[in-house]
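Per chain, numbering begins at 1; letters A, B, ... match sequence-line order.
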Number of protein chains: 2
Amino acid sequence: MEIVQFQQHLSRQLPELTADELAELTAAFTLRNIKKRQFIVQPGFVADHRIYVVQGAFRAYVIDPAGIDHTIQFAIEDWWITDVNSFIYRTPAQMFVVALEDSTVFQLDYATEQRLKQTNHRFETLFRLHAERAAAYHQRRLISALTRTAEERYEEFLAKYPTVFQRLPQYVIASYLGMSKEFLSKIRNHGGPKKLN
Amino acid sequence: MEIVQFQQHLSRQLPELTADELAELTAAFTLRNIKKRQFIVQPGFVADHRIYVVQGAFRAYVIDPAGIDHTIQFAIEDWWITDVNSFIYRTPAQMFVVALEDSTVFQLDYATEQRLKQTNHRFETLFRLHAERAAAYHQRRLISALTRTAEERYEEFLAKYPTVFQRLPQYVIASYLGMSKEFLSKIRNHGGPKKLN
DNA sequence: GTGCGAAGATGAACTAGTTCATCAAATGCG
DNA sequence: CGCATTTGATGAACTAGTTCATCTTCGCAC
């Protein structure tokens with residue numbers, strides 16, 4: 001069942017968690033089904049939940065003044081997603097987070113998370129680890145955006161997430177990689193000798 | 001003295017800290033003077049310290065295959081700096097972190113930080129907050145890099161860090177903003193009616 | 001002081017990536 | 001099924017930003 005997958009995931013994050021703690025932790029989350037194209041975060045509203053994806057796919061994106069959307073993060077099974085800025089500072093979100101497929105998630109609301117962290121040192125540790133990894137992830141992404149050409153970012157993506165590529169529409173990947181969808185299409189077809197479909 | 005400033009900073013981060021805790025925490029750090037141009041992190045070596053800047057300025061940067069450097073982060077008084085990826089995953093750093101001025105810092109080594117976090121729930125909370133804010137910072141920076149033009153990023157920087165601009169050489173700011181130093185120079189002189197010196 | 005390296009300004013030529021427009025194929029859905 | 005919407009390919013014209021090269025200015029070392 002979903003809860004087993006989720007507890008295994010949490011156990012991998014922090015092996016010290018006891019069975020009781022895993023049970024308490026997961027009980028604090030709500031299992032929820034989300035339909036394709038449904039939004040779980042929208043600009044103007046505070047992102048009140050942290051989401052763990054059991055099954056499905058999401059993307060978080062912003063729309064710039066010119067109306068172009070930019071994917072900040074995506075998430076498939078076993079990943080987490082929310083608008084961090086909005087969630088931690090309790091300010092209105094700048095992002096959209098939308099389901100790309102019919103999905104199943106565990107969600108945790110802000111107040112419950114605070115309670116968990118206060119009552120158990122190890123829960124605090126779990127969220128600290130989570131935040132550190134998120135910081136490292138965003139920093140790696142920033143480095144990639146600043147130091148690599150469009151084609152290099154595409155190759156890097158293919159190497160890192162080979163399965164994700166088939167699964168998401170190309171315009172989502174283009175907007176994640178910081179290039180126009182037309183250019184991604186050109187890279188894929190002409191670009192270099194490599195032409196994995 | 002430096003330690004007062006540092007304790008005030010920590011108190012602002014987490015007001016619940018008692019005087020005893022502040023004392024214990026700051027005692028775990030080492031006060032250190034660092035000369036201009038000295039490196040505190042270098043590629044190939046694990047970043048073993050987290051640095052709080054008491055006085056001075058630093059920048060963290062990577063060098064791409066073409067030899068161009070890209071500033072990932074800078075830090076002046078009351079900011080923190082290290083190579084997060086290297087520090088938390090204990091892998092060789094990809095970055096340089098260098099002093100831009102003669103500086104004074106408090107540094108905390110990895111093992112001591114682990115001990116602090118284990119022994120006191122509130123210290124764990126402090127580092128959790130720190131990591132969350134770092135994640136949010138890097139995410140905002142990524143959004144800016146993806147959604148704004150060079151000129152907009154420059155204006156944003158001016159608005160956000162007006163004092164920093166005078167203090168750092170222009171090529172550092174250009175590499176932080178993700179543009180060539182020549183282009184930053186052109187923006188500053190021709191760009192728009194605004195021409196703050 | 002003067003000589004020299006580092007920082008900034010400026011222009012001309014160039015290019016990586018965008019925009020716009022059209023066409024083709026795939027997918028969903030009533 | 002069959003139509004409509006979404007997704008992807010491709011080419012031509014364009015532009016934001018780069019690269020390279022030259023010149024000036026400024027700080028500071030001896």
Side-chain angles (χ1 to χ4, degrees), chain A residues 35-38 56-57 59 61 63-71 74 98-102 144-158 164-192 194-197, chain B residues 35-37 57 59 61 63-71 74 98-102 144-158 164-192 194-197:
Chain A
K35 285 269 171 220
K36 184 168 176 173
R37 269 181 268 272
Q38 195 178 324
R59 77 176 182 118
Y61 63 99
I63 297 195
D64 73 19
I68 298 163
D69 71 76
H70 303 267
T71 299
F74 62 86
V98 70
L100 294 169
E101 308 171 356
D102 289 351
S144 176
L146 290 178
T147 67
R148 307 185 128 79
T149 64
E151 190 156 354
E152 288 165 349
R153 294 194 307 271
Y154 165 67
E155 299 290 353
E156 185 183 48
F157 184 93
L158 264 193
V164 175
F165 200 91
Q166 272 86 343
R167 199 158 154 190
L168 305 186
Q170 229 176 83
Y171 70 85
V172 168
I173 291 164
S175 93
Y176 179 81
L177 293 176
M179 66 186 79
S180 67
K181 55 188 165 40
E182 293 91 338
F183 198 64
L184 176 57
S185 172
K186 283 166 200 177
I187 283 172
R188 295 197 62 217
N189 297 306
H190 299 283
K194 202 169 283 178
K195 198 191 203 171
L196 305 183
N197 232 0
Chain B
K35 285 270 169 219
K36 183 169 176 171
R37 270 180 268 275
R59 76 175 183 120
Y61 63 99
I63 298 196
D64 72 18
I68 298 162
D69 72 76
H70 304 269
T71 299
F74 61 86
V98 69
L100 295 168
E101 308 172 355
D102 290 351
S144 176
L146 290 178
T147 66
R148 308 185 127 80
T149 64
E151 191 156 355
E152 287 166 350
R153 295 194 306 272
Y154 165 68
E155 299 291 352
E156 185 183 48
F157 184 94
L158 263 194
V164 175
F165 200 91
Q166 273 85 342
R167 198 157 153 191
L168 305 186
Q170 228 176 85
Y171 69 86
V172 168
I173 292 164
S175 92
Y176 180 80
L177 294 176
M179 67 186 79
S180 66
K181 56 188 164 43
E182 292 93 337
F183 198 64
L184 176 57
S185 172
K186 282 165 199 177
I187 284 172
R188 295 198 63 217
N189 297 307
H190 299 283
K194 201 169 283 176
K195 199 189 200 170
L196 305 182
N197 232 2

For the side chain of B/Asp69 and the backbone of B/Tyr61, is there at least one donor-acceptor N/O pair under 3.5 Å apart?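 No, B/Asp69 side chain to B/Tyr61 backbone: no donor-acceptor pair under 3.5 Å.
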
Within this structure, what is the [atom1]-to-[atom2] distance between [X] and [N], rounded to whole angstrom?
| X | N | atom1 | atom2 | result |
| --- | --- | --- | --- | --- |
| B/Ile173 | C/dA9 | CD1 | P | 11 Å |
| A/Tyr154 | C/dG17 | OH | C1' | 17 Å |
| B/Lys181 | D/dT18 | NZ | C1' | 11 Å |
| B/Asn189 | C/dG8 | CG | P | 11 Å |
| A/Arg37 | D/dT6 | CZ | P | 7 Å |
| A/Arg167 | D/dG8 | CZ | C1' | 20 Å |
| A/Asp69 | C/dT18 | CG | P | 13 Å |
| A/Leu184 | D/dT7 | CG | C1' | 12 Å |

Consider the side chain of [X], meaning its heavy atoms from C-beta on, and name the nucleotide among [options] that approaches it most closely.
| X | options | answer |
| --- | --- | --- |
| B/Ser180 | D/dT18, C/dT10, D/dT10 | D/dT18 |
| A/Ile68 | D/dT10, C/dT19, D/dG17 | C/dT19 |
| A/Glu182 | D/dT18, C/dT19, D/dA9 | C/dT19 |
| B/Lys186 | D/dT10, C/dA12, C/dG8 | C/dA12 |
| B/Tyr171 | D/dG8, C/dG8, D/dG17 | C/dG8 |

Quick one: NZ on A/Lys35 to CD on A/Glu101, what's the gap to the nearest 0.5 Å?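 CD of A/Glu101 is found 12.5 Å from NZ of A/Lys35.
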
Check: A/Ser144/A/Arg153 side-chain N/O donor and acceptor closer than 3.5 Å: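 No, no side-chain donor-acceptor contact under 3.5 Å.
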
Residue closer to the 5' end of DNA chain C, A/Phe183 versus B/Val172 (nearest nucleotide):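 With B/Val172 and A/Phe183 compared, the 5'-side residue is B/Val172.
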
C/dA6, OP1 or OP2 - any side-chain N/O from B/Gln170 closer than 4.0 Å?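 Looking at the OP1 and OP2 atoms of C/dA6, neither is under 4.0 Å from any side-chain N or O of B/Gln170.
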
Before giving the answer on side-chain contact (heavy atoms from CB on, under 4.5 Å), spell out for A/Glu155 and A/Arg148 the whole-Å C-alpha distance, their side-chain angles and the decisive distance to 0.1 Å. CA-CA 10 Å; A/Glu155 299 290 353; A/Arg148 307 185 128 79; over 6 Å; no

Not counting sequence neighbours, which residues clear side chain to side chain donor-acceptor pair (under 3.5 Å) with B/Asp64? List them please.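 Listed in chain order: B/His70.
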
